[in-house]
Amino acid sequence: MIMEYNFRQLERKWQDHWVKSGAYKVSNDSSKPKCYVLDMFPYPSGAGLHVGHPLGFIASDIYSRYKRLKGYNVLHPMGYDAFGLPAEQYAIETGQHPAVTTEANIRTFRKQLDNIGFSYDWSREINTSEPAYYKWTQHIFLQLFGSWYNRHAAKAESIETLVRIFESEGNLHQECPGDRGLRFSADTWNGWTYEEQQQTLMEYRLAYLAYAEVNWCPALGTVLANDEVINGVSERGGHPVIKKKMRQWFLRITEYADRLLEGLETVQFSEAMKDMQRNWIGKSQGAEIKFNVAGSLENIVVYTTRPDTIFGVDFMVLAPEHELVESITTDEQSQAVSDYREYVQSRSERERMAEVKQITGCFTGAYAVNPFDGRKIPIWISEYVLAGYGTGAIMAVPCGDARDFGFAKHFNIPITNIIGDAFNGEEANATKDAVLQNSDFLNGKPMREAMGIVAEKIEQLGLGRRQVNFKMRDAGFSRQRYWGEPFPIVFRNGVPEAMDVADLPLELPHVENYRPGEEGEGPLANVTEWVNLPSEAGTSLRRETNTMPGYAGSSWYFLRYMDPRNAETFCDRKVSDYWGQVDLYIGGTEHAVGHLLYSRLWTKVLFDLGLIGFEEPYRKLVNQGMITGSSRLVYRVRGTNQFVSAGLKDKYETDELHVDVNIVDGVELDTEAFKKWRPDYANAQFILEDGKYFCGTLSEKMSKSKFNTVNPDMLVDKFGADTFRMYEMFLGPVEQSKPWETKGIEGVHRFLKKTWRLFFDENKGLIVNNEAPGAEELKTLHRTIRKIDDDTERLSFNTAVSAFMVCVNELTDQKCSKKAVLEQLLVLLTPYAPHMCEELWQAIGNSGSILDAAFPVFEEKYVVESVKEYPVSVNGKLRTTINIALDAEAAEVEQIALANEVVQKWLEGKQPKKIIFVKGKMINIVI
RNA sequence: GCGGAUGUGGUGAAAUUGGUAGACACGCCAGACUUAGGAUCUGGUGCCGCGAGGCAUGUAGGUUCGAGUCCUAUCAUCCGCACCA
C-alpha cells in the first residue's frame, strides 16, 4: 500500500492497468445514450507537444470521463492528420521518406499524450496518410466527382440523373454553374461526342477540373489556398505568391453557399466563429444591370447591391482583365489602355494589396448609356475592380461609395448628388436611409424602398435581374505535392475518368526525389512508370500527378472513428446513425474557414447522397484559447559578458536576449543554471538587485527560438499528470487565450496532496472510516456535487477546480475521514485527476474501476439553510448584515431590520420612504 | 475601413437570472514546527485613512431602490476579414 502521495509510481501503475484491462475501449453496440466528444486531431510535427496543445485535449477528456460517469456511451478517439507540407519539406532537405518521419513524430506525440493520462480509445486510432484510411478519402472524392448539385431539389445527386435530364431536355432547366451562358437542347446533347459530353458534365460536377488562376508560390513549388496566403505571401515561410493559370481540381462549394449559411443557425458555434464563416461566404443581394455601350452593339453587365442609386451613376469601371475592354476602347485611348493593363499585369498580388489606397485607372474613350435616363457615362478601367467578383464591372456612384468618390476626385469626374444634404461634397455617404433626389421616378423615395422598386423595374424591362453573389470561390483541391492523397482518376486520352472503386486505394508510389516537377507539376510527374499506364495502341492512360490538399483527410475523419476498421465502406450507415453528430468538438480558431467549412461541405454532400443521416458534423464547437509563451529576457551590457538585472538596465547600454524560461523562477534567474546553459555564458557576471537577478518578460508565440516553450513532459515528471491536468484547467476559462505561467502549479499540487491526506495520515496510514456523516459534511459534499455537475457540463473547468479546493478545505477543517463522503468526492474528482482517484478508490476497498462508478446524485435536502445572513443596505449602500430566518416574511424582516442599531444610526431618526426586500437575497432601506 | 471579442487587486481569475465585488489560487507579510530545506500548518493581505468612514470592476454619462452585469458614447488591447461594388 502506498502511504504517501507518490504520484510517479501510482500514475504509471494505473496507466499500465487501464491499457491492460482495455478500460477505454468503446463499443458501437450499447443501450446507453451516446455522446461523441472529439478533439481536432493534431498534425504530428517534429517539435512535439508544448503546454498549449493539451489544453483542449484535457478539457475534452474531462468532459468525456464525466459523461461516462453520467451513464453515456462515450466515443472519444484520437488520431493524426498526417499528410502535409512540413514532412515533405523535411524530406526534400534530408531525403527521409515522409512516412518515416511522420511515424517517428507520431510515436513522440503518442508518448507525450500517454503521459497525461487521456481516456482515448486507441483501438480507433486513425492516420490520414495510411492507405487503409485514404482509400476512403479517395472513395469520397469519387462521390463528389460523380455528383452534381440539383438546384431545384437543393441537393447533390448522382451525375447519372443529370445525364438522363440532358438526354431528354438538354440543360434548359439546369443552369450550368461552370458556364452560365451555356444552353443546349437534348438533340445537341445526343449529337455530341463522348469527349464533348464529358466536357459539359465537368461544368456540373461537384469535384471538377478547370483552368484557373491559382496562388502559385515559386519558392514552395506549390499552389496555395486563399486561406494559406496572408497579405500576398505564403502563410508558411512568408514567400511571395503570384497568379498562374493551371489545370486544377476544384470542389464546387459555391453551390452549397446558402446551405452552409443556413446550417450555421442549427449549430452551437461561438458568434465569432459563425461570423468568420459568414464573412468568408460573403453573401450579398443585389442586381445585375445591363448598360449599352454608345455607338456599339456591345453591352456591359454590372453587379450592384444598390440599384436604388442608379441615377447617381457618373461613370463605369471595368476590371482591367474584363473581356470587353479591347473591343470598346477607342483608337485614341488604345495606347493608354494597353499601357495601363501592362502595368497592372506587372504588379504582383503583394504590391496590389500593399498599396490599396493608391488610386490608378485609365479611360477607355467609350461611353455607356444609363438605361433609365439615357445619360452617357464614361467607361474606365481600374485595378480596384476585381475580375473575379460579380461581373467584373461596376456602376460608380461617387456620392455614395468611398472608392468611387476617391476615383472621381482623382480623375476630376463630375459628381451627381442624389441624396441632398446627406452628401457634403467632402466624402461619400453610403447611407441607406436618405431620401432620393435627382432621381426621376424615385424622387422622394427612401432608399430602402427604392431598391425593390428599381430591381422590379429592371426585371420588367429586361434590363437585368436580381442577383445574389458570394465572395467565396470554389475551393482549389489540387496540390503539386508528393505527401498527399493521389487522385483516383485516370485520363483516357485526356478525359478524366473515375478509377474502379475495387482498385482503391491508389497508393502513393515511392519516389527518388521529392522536388517538384517542371512548371509546377508535382513530384509524382517524375515517376513516369506510375503515371503512364499500359494501354492499347491509340489510347493513352495517364494518372493525375497532383495530390489532394491537407483538408481532404480531415474533412470526414470524424466519421471514420465511428467504424475505423471497416473494409467495406468508409463508415457503416448503422454505425453513423448510432453515433450521429459530434456532440462536442474542441479545437483552435485557426480552422474557422478552412477545415470547418470543408468538413461541413463534405458532410452535406454525404448526407445528400444518403450515405449518412445528418448534415452538420459538429453540434457544438468550442475553441480553446491559444496559450502563448511568456518569454524571459536578460540584458547584456554591450560589449561585455556582464548581465544587468531588469530594474537597473536603464543605467547601461544593453542588448536584450531571450533566456530559457525553464531556468527562471517567476522572474528570478537561476544564475548558476544560466552559466551552465550555454558555454558563452560560463563566465557571465551579474549586476544584481537585492542579491537577485530579475528578468524582463514578454508575451509572444511559443517557439523554440524564443526559448519560451514549456514541455508538458517536464511538468508531468515533476508534479504528476493529475496536477498538470488540473493546473491547465485552473489557468482560466478554456476559451480564453493567455500566456503560460508555470508559477502557480504548486497550488494545485498542494491541493492534491491535501486531498490525499483526507485518506492517509503519515503516521496512522489509512484513516478512512465507516461512520455516518454529519449534516455539515453532507452539506459540503452536496454543494460540491451540484457545483461540479453544473460547471463540468458547461465546461467551466476553472471554477470546478476551485470548487474542489473549497470542498477539500472544508472537509479538512471538519476532519472528515468518512468513507460515505470521501467516496463520492472521488467520483466527482476522477474526470480531473483520474490516477489519484483510482488509487484511492481501490485503497478504500472498492474492487471495480472508478471509471465505471455512477456520478453522485445531488440531494437538495442536505444543502437547505434555515437562516440567511441578509445584507442590509441603506440607500443602496451596504451597511451591515443580519441573520434572519429564511422563511421570515417581509413585515417581520422589515421590523427586524429597522430595529438594528446600525440601521438606526443611518436612519438618523428619519422614516424610511421604502423598504425593498427580496426574499433570500437582500434588504435595501430607502430614506 | 468592416466584423467579433476582451478590459475587475501586485498576478491568474470568480461573481450562471441586475441583489454582500475580488471566491479559489499564485505572490507577499507575520508566526508555528523542524538546526539548514523550494516540506507542512496558522493568521493577514483591493486602495486611502489612526478612526468613524470614504473610494474602487478602462473612461464619461444614463436607466434602477440597487449596475462588473442593462442602455448610450468613448478609449485601449487582441483576433478575423479586407479595393467584394
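Keep in mind that the numbers below use all heavy atoms, side chains included, and drop hydrogens, waters and symmetry copies.
Across the protein-nucleic acid pair, A/K743 atom NZ and B/rU11 atom C1' stand 11 Å apart, rounded to whole Å. If you measure from atom CZ of A/F719 to atom P of B/rA39, you get 10 Å, rounded to the nearest angstrom. Atom CD of A/E383 and atom C1' of B/rA85 are 16 Å apart (whole Å). Taking atom CG on A/L878 and atom C1' on B/rG53, their separation rounds to 14 Å, with Å as the unit. If you take CE of A/M447 and C1' of B/rA85, they are 14 Å apart, rounded to a whole angstrom. The separation between A/K274 atom NZ and B/rG80 atom C1' is 17 Å, rounded to whole Å. Following rounding to the nearest Å, A/L752 (CG) and B/rA39 (C1') show an atom-to-atom distance of 16 Å. Put simply, NE2 on A/H322 is 17 Å from P on B/rA85, counting in whole angstrom units.
Contacts of A/N875 with the nucleic acid, taken as non-hydrogen atoms under 4.0 Å apart, are absent. Across all strands, A/K718 comes closer than 4.0 Å to base atoms (heavy-atom distances). Note on A/T799: only backbone sugar-phosphate atoms sit closer than 4.0 angstrom, heavy atoms only; bases stay farther off. The residue A/K471 sits close to a base: some heavy atom pair falls under 4.0 Å. As judged by a 4.0 angstrom heavy-atom cut-off over every strand, A/E869 is placed among the base-contacting residues. Heavy atoms of A/S284 sit under 4.0 angstrom from primed sugar atoms or phosphate atoms, though from no base atom. Among the atoms of the strands shown, base atoms are found under 4.0 Å from some heavy atom of A/I916.
Among the nucleotides B/rC65, B/rU20, B/rA52, the one closest to the side chain of A/K914 is B/rC65. Each of B/rG54, B/rU16, B/rA85 was ranked by its minimum atom distance to the side chain of A/T304; first place goes to B/rA85. Among the nucleotides B/rC41, B/rA13, B/rA85, the one closest to any side-chain atom of A/I394 is B/rA85. Distance from the side chain of A/R757 is smallest for B/rC41 among the nucleotides B/rU20, B/rC41, B/rA13. Residue A/K753 has its side chain nearest to B/rA39 when only B/rC26, B/rA85, B/rA39 are considered. Here the nucleotide nearest the side chain of A/T881, chosen from B/rA39, B/rC24, B/rU20, is B/rU20. Checked against B/rG4, B/rG27, B/rC65, the side chain of A/R750 finds its nearest nucleotide in B/rG27. For A/L386, counting side-chain heavy atoms from C-beta on, the closest listed nucleotide (B/rA85, B/rG19, B/rG80) is B/rA85. For A/W906, the side-chain atoms get nearest to B/rG53 when compared with the rest of B/rC65, B/rA85, B/rG53. Proximity note for A/N798 (side chain, C-beta onward) versus B/rA52, B/rA13, B/rC24: the nearest is B/rA13.
Between A/R786 and A/D789, no side-chain nitrogen of the basic residue sits less than 4.0 Å from a carboxylate oxygen of the acidic one, so the salt-bridge criterion is not met. The residues A/R278 and A/E265 are annotated as salt-bridged, a charged nitrogen and a carboxylate oxygen being separated by less than 4.0 angstrom. Taking a cutoff of 4.0 Å between a charged side-chain nitrogen and a carboxylate oxygen, A/E860 and A/R783 do not qualify as a salt bridge. For A/K283 and A/D258, the salt-bridge test passes: some basic side-chain N is under 4.0 Å from an acidic carboxylate O. Comment: A/K779 does not engage A/E810 in a salt bridge, judged by the lack of any side-chain N to carboxylate O separation of less than 4.0 angstrom.
With a 3.5 Å limit on both pairing distances and Watson-Crick or G-U wobble geometry required, the stems of 3 or more pairs in RNA chain B span B:1-7 with B:75-81, B:10-12 with B:24-26, B:27-32 with B:40-45, B:46-48 with B:53-55, B:58-62 with B:70-74.
Proximity of A/Q736 to the phosphate of B/rU6: no side-chain N or O atom is located under 4.0 Å from OP1 or OP2. Note on A/K877: every side-chain N or O is 4.0 Å or more away from OP1 and OP2 of B/rA56.
Separation of the A/F804 and A/Y832 ring centroids falls under the 6.0 Å cut-off. Between A/F407 and A/F405, the distance separating the two ring centers is not shorter than 6.0 angstrom. Between A/W740 and A/Y727, the gap from one ring centroid to the other is short of 6.0 Å.
Comparing B/rG46 with B/rU11, their P atoms are spaced 14 Å from each other, to the whole Å. Taking atom C1' on both nucleotides, B/rG22 is separated from B/rG1 by 39 Å, rounded to a whole Å. Taking atom C1' in both B/rC26 and B/rA14, the straight-line distance is 15 Å, to the nearest Å. Of the C1' atoms belonging to B/rA30 and B/rC55, the separation is 28 Å, rounded to the nearest Å. Between B/rU59 and B/rG68, the distance separating the two P atoms is 12 Å to the nearest Å. Using C1' as the reference atom, B/rC24 and B/rA15 are 12 Å apart when rounded to the nearest Å. Nucleotides B/rG62 and B/rG66 place their P atoms 12 Å apart, quoted to the nearest Å. Atom C1' of B/rU69 sits at a distance of 11 Å from the matching atom of B/rU16, rounded to the whole Å.
Classified by its glycosidic torsion, B/rG9 falls in the syn category, the angle being within 90° of 0.
Contact of A/K787 with B/rU16 (side chain to base): a donor-acceptor pair of N or O atoms is detected under 3.5 Å. Side-chain atoms of A/N924 come within donor-acceptor range of the base of B/rC65, with a qualifying N/O pair under 3.5 Å.
For A/D790 and A/I925, each mapped to the nucleotide of RNA chain B holding its nearest heavy atom, the one lying further toward the 5' end belongs to A/D790. Heavy-atom distances to RNA chain B give each of A/Y389 and A/G876 a nearest nucleotide, and the one nearer the 5′ end belongs to A/G876.
For residues 916-927 of chain A, the side chain to side chain donor-acceptor pair (under 3.5 Å) pairs, not counting sequence neighbours, are A/E889-A/K919.
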All N/O pairs under 3.5 Å across the protein-nucleotides 70-75 of chain B interface:
none

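Ring geometry, A/H595 versus A/H591: the interplanar angle exceeds 60°, so the pair is classed perpendicular (tilted spans 30 to 60°).
Applying the ring pair (Phe, Tyr, Trp, His ring centres under 6.0 Å) test to A/Y870 and every residue at least two apart in sequence or in another chain returns A/F917. By the side-chain contact (heavy atoms from CB on, under 4.5 Å) test, A/E735 pairs with A/V622, sequence neighbours left out. A/D717 is linked by a side-chain contact (heavy atoms from CB on, under 4.5 Å) to A/R8, counting only residues two or more places apart in sequence or in another chain.
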